[in-house]
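A short worksheet on the structure shown next.
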4 protein chains.
Amino acid sequence: MSRTKEDEATPAPRWRRRKAERPSEMLEAALAVFIEKGFTAARIEDIARAAGVTKGTIYLYFPSKQAMFEAVIRQAMVSRLDEARALFERHEGPVAPLLRRIIEDFGPRLAMTNLAAIARLVIAEAGNFPEIARFYRHEVIARGEDLFGRIYAQGVAGGEFPDLPVDVVTKLVIGPVLITAIWRTTFAPVDERPFDPVAVISTHARVLTAGLRALAEEEKP
Amino acid sequence: MSRTKEDEATPAPRWRRRKAERPSEMLEAALAVFIEKGFTAARIEDIARAAGVTKGTIYLYFPSKQAMFEAVIRQAMVSRLDEARALFERHEGPVAPLLRRIIEDFGPRLAMTNLAAIARLVIAEAGNFPEIARFYRHEVIARGEDLFGRIYAQGVAGGEFPDLPVDVVTKLVIGPVLITAIWRTTFAPVDERPFDPVAVISTHARVLTAGLRALAEEEKP
Amino acid sequence: MSRTKEDEATPAPRWRRRKAERPSEMLEAALAVFIEKGFTAARIEDIARAAGVTKGTIYLYFPSKQAMFEAVIRQAMVSRLDEARALFERHEGPVAPLLRRIIEDFGPRLAMTNLAAIARLVIAEAGNFPEIARFYRHEVIARGEDLFGRIYAQGVAGGEFPDLPVDVVTKLVIGPVLITAIWRTTFAPVDERPFDPVAVISTHARVLTAGLRALAEEEKP
Amino acid sequence: MSRTKEDEATPAPRWRRRKAERPSEMLEAALAVFIEKGFTAARIEDIARAAGVTKGTIYLYFPSKQAMFEAVIRQAMVSRLDEARALFERHEGPVAPLLRRIIEDFGPRLAMTNLAAIARLVIAEAGNFPEIARFYRHEVIARGEDLFGRIYAQGVAGGEFPDLPVDVVTKLVIGPVLITAIWRTTFAPVDERPFDPVAVISTHARVLTAGLRALAEEEKP
DNA sequence: GATGAATGAGTCTTCATTCAT
DNA sequence: AATGAATGAAGACTCATTCAT
């Protein structure tokens, strides 16, 4: 592409105009910094440096550190939610043997990626950010329960699962996954003993499915 | 409560000699403030006020805010550890039906008291306080695993439990309890739907014991 | 000086971009404050105000009060060192009568300017700032001895000066100059009697040169 | 000495009543601490510990840290003044050869003992303690000049010394001694090269006496 | 007389936020 | 749009001084 006439008036800009991408680049950088240091200890300047901009620029896109934090969590979760939805919706057919596969697919995805760190971040800061807690509760967890609830309902209808409240069962599913996530990011770094998250999650899948199946049997007359 | 006559003559003294009691009063006050605000957002002056002393007094007993935080967690956990030990050691006899009782006794004690908030605090701050993480790992969790491990081993020996690694089983036991604790302190306050921690825990106990029993059956020839 | 019309429309801006000049302005202000109050008693805010900036700005240029102090002494001495070098190196030819001129040129320059106050400051704080002492020893004194040593060696070679260790002679040269400097800044302000530093220094020059000449004569066979 | 009847009523006290000695013990301890750290950096508690008492006790004897500092300097100097006086007054007879002995006796006594450190302390803090400066000027220096002045006057009368103002000559005498004292306490600790204070002082004595003698010769017709 | 627990004013230092360029 | 110099409020920590015991 040869330079045309208008180049005379408008010399090549030193930086490429990337207005649209900038904010989400910043959010990614911010996520990394928040994960590493937590909300308070993360300095705006750290985030700016990680994003390759300067402090002032952050404030062109976000009105405050707190607003940025909320946006960070939002974006991080939203971008994962679609993956999660796809994951859940892919599964069709008989659900009982599926539960195990769901846990084994979904578990490591939470426990082994930085979703674990995000979860820890949310847990840590929810007290100071009710807005975050509310968002997480309604946008993330509610959707997850919804997706999982439909699958579970099928299983109950088919006599594969006992008739328990879905929000309770969800917590039984998530609990050991969450503890695995937390363990990996919190205690494993200071622990000399090896820690095998996948083993925990697959054992969890086995025990839980076995337990649900057993209770379902009991319910039958 | 009206002021009595002698108040006129004897205004409140600036201080009263109470060296022995002071430190643990301060730790209690500090725990409350740390739980409410997190480590960084808690101001020493807040803690001092909550303890009924002034800033300077804090520094007579603790060399720094960080040291105080570590002491807070230590004292909070140590005082619970004995309860926990007693709880575990009381149980004797056949262990399979016991597991359920253990979860149902121990679970609410973690999920419903401020142990839940402490756990959240540890999770939130462990990244910035490796010392806390290490302490918690070695003093709190290791002991719990130890106590629980002995019980579980009996069950395995008696064919009541499947032969799984005890550290893995421990996480299956704790996971849903922990999520209950976190839920109560993190999401329940912003959630309009009712949340029944005890239901979660007792369901957990039922499903887990059923699952372990089922797997134990499978193991038998 | 009355405010002009445009003042109405343009109130003083919060700041003006002056990165290049700022640091040395701050160092000058800091020198004045440190001289007046000593290191510990000088408040960063005093220095900032004297420099026409606010506290925070100081920390944009110096990482700590201590670092600033070291920079202050360094800059104050380094800028004088070149003058001193020029002064010494200008002198050529026979050195014996020169010694007197050197003292009479150099003495008042130390005793009458704020070099005197800096010397006092260094003496006062060297105990708490070994780095300052070391810097002063190696950068300031060593250079002075070096310059002076070359001149003195010529005089010894020419039989004008006795063959004494140059570091000892240096102290004989400096001693009365230093006491003059200290006297002026320490005791003269509280003394009702008049004090004539120049008289002390010129008498010193006369007596010292006479003494050295006499000893040089003695050395000759 | 056997215990007598009144012992029954007055059992041996746990501590010996030493009201009279206590203050000067504290002053000695305080001197050491002030010398080591300077006025501001010296903590009352350091002094108390060094004196074997507690903070509160200090305030039974001195109304404030500043008052204590002034008392410290006073006592330290007063106790030395008598020695100095004795030293000066011992000397009698012809004064010219004596000057050298005076310097060689008195010099090391100032330069090598903690008088050097006290001098440094006074120089350092005089700005913040005009009272100290005044005391030192009038009580210490004036007396020294007085004693020395009588000797010098004899020498002038006898044609041994040139007719110079005694306050000027005093500074020529003291200057190299002072620089030796300061050097030893300020720069020698950070200097790898050896430093021989006595050599400086004896050279000083030789050069100064030679110089004064030479000028006295010039004055003669 | 002595103690030492308690106080609180004083200071350094950090960092989110602003705004002239 | 981007920069980065400057701001100033906020908070950890120190230590001279007080005073109940």
Side-chain angles (χ1 to χ4, degrees), chain A residues 13-19 22 40-48 52-68, chain B residues 10 12-20 22 40-48 52-66 68, chain C residues 10 12-20 22 40-48 52-66 68, chain D residues 13-19 22 40-48 52-68:
Chain A
R14 276 172 311 169
W15 38 264
R16 199 171 302 278
R17 195 169 296 259
R18 291 187 303 174
K19 187 176 167 182
R22 272 282 155 83
T40 321
R43 284 147 66 234
I44 289 283
E45 192 154 14
D46 296 335
I47 294 170
V53 298
T54 57
K55 266 189 299 184
T57 305
I58 300 283
Y59 283 88
L60 293 178
Y61 294 93
F62 303 95
S64 71
K65 188 184 178 187
Q66 170 154 347
M68 181 173 216
Chain B
T10 59
R14 279 209 316 162
W15 57 272
R16 199 172 300 282
R17 186 177 299 257
R18 289 194 302 164
K19 172 144 187 163
R22 274 283 151 84
T40 320
R43 284 153 62 237
I44 286 283
E45 198 157 10
D46 296 336
I47 295 170
V53 298
T54 57
K55 255 184 318 180
T57 305
I58 299 286
Y59 286 91
L60 289 180
Y61 295 92
F62 304 95
S64 69
K65 189 183 174 184
Q66 170 154 347
M68 182 172 218
Chain C
T10 60
R14 280 209 315 165
W15 55 270
R16 199 172 300 280
R17 185 178 300 256
R18 289 193 302 164
K19 172 145 187 164
R22 274 284 151 82
T40 320
R43 284 153 62 237
I44 286 282
E45 198 158 9
D46 297 335
I47 294 171
V53 297
T54 57
K55 258 184 313 181
T57 304
I58 298 288
Y59 285 90
L60 290 180
Y61 296 91
F62 304 95
S64 70
K65 189 183 176 186
Q66 170 155 346
M68 182 171 216
Chain D
R14 276 174 310 168
W15 39 265
R16 200 171 301 278
R17 194 169 297 256
R18 293 187 300 173
K19 184 175 167 180
R22 272 281 157 85
T40 320
R43 285 147 66 235
I44 288 283
E45 192 155 15
D46 297 335
I47 294 170
V53 298
T54 57
K55 266 189 299 184
T57 305
I58 299 283
Y59 284 87
L60 292 178
Y61 295 92
F62 303 95
S64 72
K65 189 184 176 186
Q66 170 153 348
M68 182 173 216

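Just so it is clear, the values below take in all heavy atoms, side chains as well, and ignore hydrogens, waters and symmetry mates. Convention: sequence-line order gives letters A, B, ...; per-chain numbering from 1.
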Original post:
What's the CZ-P distance between B:F62 and E:dA6, to the nearest Å?
Top reply: 12 Å
Original post:
At under 4.0 Å between heavy atoms, what does C:A42 touch on the DNA or RNA strands: base, sugar-phosphate, or nothing?
Top reply: sugar-phosphate
Original post:
Base, sugar-phosphate, or nothing for D:A41, non-hydrogen atoms under 4.0 angstrom?
Top reply: nothing
**OP:** Assign each of A:T57 and D:K65 to its nearest nucleotide of DNA chain F by heavy atoms, then name whichever residue's nucleotide is nearer the 5' end.
**Re:** A:T57
Subject >> F:dA20: pairing nucleotide in any strand, Watson-Crick or G-U under 3.5 angstrom >> reply: E:dT3
**OP:** Return the nearest nucleotide to the side chain of D:R43; candidates are E:dT17, E:dA6, F:dC15.
**Re:** F:dC15
Subject >> Base-pairing assignment for F:dC15 (Watson-Crick or G-U wobble, both under 3.5 Å) >> reply: E:dG8
Subject >> Whole angstrom value for the distance that separates P of E:dG1 from CD1 of D:I58 >> reply: 14 Å
Original post:
OG1 of D:T57 to CD1 of D:I47: how many Å apart, nearest 0.5 Å?
Top reply: 13.0 Å
Original post:
Can you check the B:D46 CG to F:dA12 C1' distance for me, whole Å?
Top reply: 13 Å
**OP:** Could you tell me the separation between the CE atom of A:M68 and the P atom of E:dC15, rounded to a whole number of Å?
**Re:** 17 Å
Original post:
D:Y59 side chain: which of E:dG4, E:dT18, F:dA16 is closest?
Top reply: F:dA16
Subject >> Gap between atoms CD and C1', on B:E45 and F:dT14 respectively (whole Å) >> reply: 15 Å
Subject >> Gap separating the CD atom of D:E45 from the NZ atom of D:K55, nearest 0.5 angstrom >> reply: 4.5 Å
**OP:** Side chain of D:I44 only, please: which of F:dA1, F:dT3, F:dT17 is the nearest?
**Re:** F:dT17
**OP:** When you get a sec, tell me which of F:dA5, E:dC12, E:dT17 is the closest nucleotide to the side chain of A:S64?
**Re:** E:dT17
Subject >> Spacing between D:L60 atom CG and E:dG4 atom C1', to the nearest angstrom >> reply: 12 Å
Original post:
Which one, F:dA1, E:dC15, F:dT7, comes nearest to the side chain of A:Y61?
Top reply: F:dA1
Original post:
Closest nucleotide of DNA chain E for C:Q66 versus for B:G56: which of these residues is on the 5' side?
Top reply: B:G56
Subject >> Non-hydrogen atoms of B:T40 and B:K65 that approach each other most closely >> reply: O-NZ, 3.2 Å
Original post:
Which nucleotide in the list E:dG8, E:dT17, E:dG10 gets nearest to the side chain of B:K55?
Top reply: E:dG10
Original post:
So, for D:T54 and D:A48, which heavy atoms are closest and what is the spacing to 0.1 Å?
Top reply: C-CB, 3.7 Å
